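Okay, structure first, notes after.
Naming: A, B, ... by sequence-line order, numbering from 1 per chain. If you're wondering where the values come from, they're calculated on a predicted model, not measured in any experiment.
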2 protein chains.
Amino acid sequence: MIANLKALPDKTIERLSQYRRNLLICLSKGKQHIFSHEIAQIHNITPVQVRRDLMLIGHSGTLRKGYDVKELIDLIGRILDTKDGLKVCVVGIGNLGRSLIGYFNGRRSKLSIVAGFDVNPDKVDKNYAGVHCHHVDRLNEIIKRDGITIAIITVPAEQAPDVAEKLVIAGIKGILNYTPKSVNVAPHVYLEEYDMITSLEKVAYFVKRNGNAE
Amino acid sequence: MIANLKALPDKTIERLSQYRRNLLICLSKGKQHIFSHEIAQIHNITPVQVRRDLMLIGHSGTLRKGYDVKELIDLIGRILDTKDGLKVCVVGIGNLGRSLIGYFNGRRSKLSIVAGFDVNPDKVDKNYAGVHCHHVDRLNEIIKRDGITIAIITVPAEQAPDVAEKLVIAGIKGILNYTPKSVNVAPHVYLEEYDMITSLEKVAYFVKRNGNAE
DNA sequence: GTAACATTGTTAAATTTGTAACAATGATAT
DNA sequence: ATATCATTGTTACAAATTTAACAATGTTAC
Ligand SMILES: NC(=O)c1ccc[n+]([C@@H]2O[C@H](COP(=O)([O-])OP(=O)(O)OC[C@H]3O[C@@H](n4cnc5c(N)ncnc54)[C@H](O)[C@@H]3O)[C@@H](O)[C@H]2O)c1
Ligand SMILES: NC(=O)c1ccc[n+]([C@@H]2O[C@H](COP(=O)([O-])OP(=O)(O)OC[C@H]3O[C@@H](n4cnc5c(N)ncnc54)[C@H](O)[C@@H]3O)[C@@H](O)[C@H]2O)c1
């Protein structure tokens, strides 16, 4: 454990994840050093914010060359990743669930979707992008057996609270809920919720407010 | 225009969207009045926050019965919706794009996806959940012809900046970018970006930090 | 060598967001 | 009638986040 003794701000964590993704691209293009204003431009933010984030994680750049891309990637990895990686499951292998599996897998070495769950017999015991779909009745069993710690919920909204409860009982430590229905979890479980309709309505509100529509 | 003369906080807008969705459900169940603590519980937030949001939009509840569900829905509608509704297009009719179309449409009367765009000839001129897919070369034409003001980007990440630029030229006023690649737009265009990998990495970080993994 | 310069690291201020405190209200019970 | 009560509306406070300001640094040009 290097520099993340003190808790980092939520927003900094989000940006670190994004910095890393683009730093990896930079590295693959052979770029070895990068300035705060270059990172900033990639992400549409200010150089100050980049420098502040990097300060918080204890990274030092050099004055005339900026930050060492490889070092920075490693450091962010030490903060975001766990040594052996974490396992993820998806509950609800519908349109969104299948999209996610196809999209995520193979992108992160330290984070992989290893199981799916559904109630629909047509989907159970089939594979989706290499991920096996189990019946949701085996949720508890499989999660414990495989040491899965994170779950993504993509079942129909009404089912979400029920699924969340089962996940917590099964010992899940973090939940990403894509359902518009908010769920309750025990305080030791980290919960992140995202609602696409809200995002779209928010865009619509600001379009309206910018005076371009009434 | 009633009470949204002064700008409402970002976060309040997000919550209003969520309040409304659940208020509609309440109404459909015959519930006519609701207390701040009931709304709060649905969304895992505090009653104070609910009251504060409603204060900001100028809504008054009654003391013993709480808020009138129907009135509240109407008021939120006056804030979030435009009279004639706004039209939305999706650029990139892949896995995510198709999921979104299937999911969104029919859910909001004042916000509807009316067109899709893709480069793949196999997809062009087909319908997806009732939405026609045009070749992306016709982007400008169709957006202007149909008065589309909002776009959702779900093309491969590398294509996103290019697509965004075209959208802005075509006169789009708001963009929702689901690509992990950040895009630049003119300042009068409202931009919202969401990155699922970041969300998942954030969950993983907090799982790790809560001491459940190393 | 030294002046000019771009860039970093850090502290301070501003802004945004959430929380707490509490008076005001008016329905209900006695 | 009056006291009690749950609930609202609002103000004041606290926490989180972003932005600004600027000294420190070491490289480059001369
Ligand atoms: N499709 C999208 O683009 C999109 C976007 C945003 C949010 N969402 C949300 O994601 C959720 C799923 O959307 P979708 O379009 O994939 O729907 P879908 O109907 O295609 O998929 C839902 C899947 O969940 C399964 N399921 C139902 N009950 C279950 C249970 N108790 N346990 C396990 N599996 C169960 C169904 O068999 C089905 O396969 C919905 O809540 C929706 O609101 C979807
Ligand atoms: N699938 C997911 O669950 C998911 C989740 C998060 C983010 N994303 C992001 O969404 C984007 C799309 O993901 P996907 O899984 O749907 O990919 P996909 O490959 O299934 O779909 C991409 C579609 O875009 C089309 N396209 C390519 N270039 C285009 C252009 N210039 N103009 C118009 N259309 C073009 C392709 O023909 C294809 O139909 C990616 O950037 C991905 O990072 C996807």
Side-chain angles (χ1 to χ4, degrees), chain A residues 3-4 6-19 23 31-69 71-72 75 182 187 190-193 198 202 205-206 209, chain B residues 2-3 6-19 23 31-69 71-72 75 182 187 190-193 198 202 205-206 209:
Chain A
N4 55 342
K6 41 194 164 307
L8 294 166
D10 247 63
K11 294 297 163 83
T12 294
I13 294 300
E14 293 179 13
R15 283 189 297 267
L16 288 176
S17 159
Q18 288 162 0
Y19 296 162
L23 289 170
K31 192 169 173 63
Q32 300 192 351
H33 297 277
I34 193 165
F35 295 120
S36 62
H37 67 260
E38 293 178 294
I39 298 180
Q41 193 183 339
I42 293 171
H43 299 94
N44 273 324
I45 57 178
T46 65
V48 186
Q49 193 157 57
V50 173
R51 292 207 299 277
R52 209 170 191 296
D53 286 336
L54 300 190
M55 183 192 84
L56 289 175
I57 66 174
H59 184 74
S60 285
T62 62
L63 205 37
R64 209 61 179 194
K65 289 200 278 188
Y67 305 93
D68 183 296
V69 175
E71 265 180 30
L72 195 43
L75 181 54
S182 202
Y190 184 82
L191 174 66
E192 172 92 4
E193 306 198 302
T198 290
K202 189 177 164 193
Y205 169 78
F206 283 103
R209 200 170 86 180
Chain B
I2 306 295
K6 43 195 160 306
L8 294 165
D10 246 62
K11 294 299 162 86
T12 294
I13 295 299
E14 293 179 14
R15 285 190 295 268
L16 288 176
S17 160
Q18 289 162 358
Y19 296 161
L23 289 169
K31 192 169 172 62
Q32 300 192 352
H33 298 275
I34 193 165
F35 295 120
S36 62
H37 67 259
E38 293 178 292
I39 298 179
Q41 193 182 337
I42 292 171
H43 300 93
N44 273 322
I45 57 178
T46 65
V48 186
Q49 194 158 57
V50 174
R51 293 207 298 277
R52 209 171 187 297
D53 286 336
L54 299 191
M55 183 191 85
L56 290 175
I57 65 174
H59 185 75
S60 285
T62 63
L63 206 37
R64 209 61 179 192
K65 289 198 277 187
Y67 304 94
D68 183 297
V69 175
E71 264 179 31
L72 195 43
L75 180 53
S182 204
Y190 184 82
L191 174 66
E192 173 92 4
E193 306 198 302
T198 290
K202 187 176 165 194
Y205 169 78
F206 283 102
R209 200 170 86 178

What is the distance from CG of B/Leu72 to C1' of D/dG9, rounded to the nearest Å? 15 Å
Nearest to the side chain of B/Pro9, heavy atoms from C-beta on, is which of C/dT17, D/dT7, C/dA21? C/dT17
Contact under 4.0 Å: A/Ser60 side-chain N or O vs C/dG9 OP1/OP2: yes
For the pair made of CE in B/Met55 and C1' in D/dT11, what is the distance, rounded to whole Å? 8 Å
A/Ile45 atom CD1 is separated from D/dT19 atom C1', nearest whole Å, by 12 Å
Measure the distance from CG on A/Leu8 to P on D/dA16 and round it to the nearest whole Å. 13 Å
Looking at the rings of A/Tyr67 and A/His59, which for Trp means the six-membered one, are their centres under 6.0 Å apart? yes
Would you mind classifying the nucleic acid contact of A/Ser36 as base, sugar-phosphate or nothing, using non-hydrogen atoms under 4.0 angstrom? sugar-phosphate
Donor-acceptor pair (no angle test) under 3.5 Å: A/Arg51 side chain, C/dT10 base: no
Look at A/Arg15 and D/dT18 and indicate whether a side-chain polar atom (N or O) is within less than 4.0 Å of OP1 or OP2. yes
A/Gln49 (side chain) donor-acceptor with A/Thr46 (main chain) under 3.5 angstrom: no
Figure out the CD/C1' separation between A/Glu38 and C/dT7, and round it to whole Å. 12 Å
Quick one: the side chain of B/Arg52 and the base of D/dT10, do they pair up donor-acceptor inside 3.5 Å? no
Choosing from D/dT10, C/dT7, D/dA20, which nucleotide comes nearest the side chain of A/Phe35? C/dT7
For B/His59, report the nucleic acid contact type (base, sugar-phosphate, nothing); a contact means any heavy atom under 4.0 Å. sugar-phosphate
Write down the distance between CD (B/Gln49) and P (D/dA14), rounded to a whole number of angstrom. 18 Å
If you round to the nearest 0.5 Å, how far is CZ of B/Phe206 from CG of A/Leu191? 12.0 Å
Starting at OG1 of A/Thr12, measure out to CG of A/Leu56 and round the result to the nearest 0.5 Å. 5.0 Å
Send over the distance from A/Lys11 NZ to C/dT16 P, rounded to a whole Å. 13 Å
What do the steps show when you test B/Leu72 against B/Ile39 for side chain to side chain contact (heavy atoms under 4.5 Å, CB included), and what is the final call? CA-CA 12 Å; B/Leu72 195 43; B/Ile39 298 179; 4.3 Å; yes
Can you measure B/Asp53 atom CG to C/dT19 atom C1' for me and round it to whole angstrom units? 13 Å
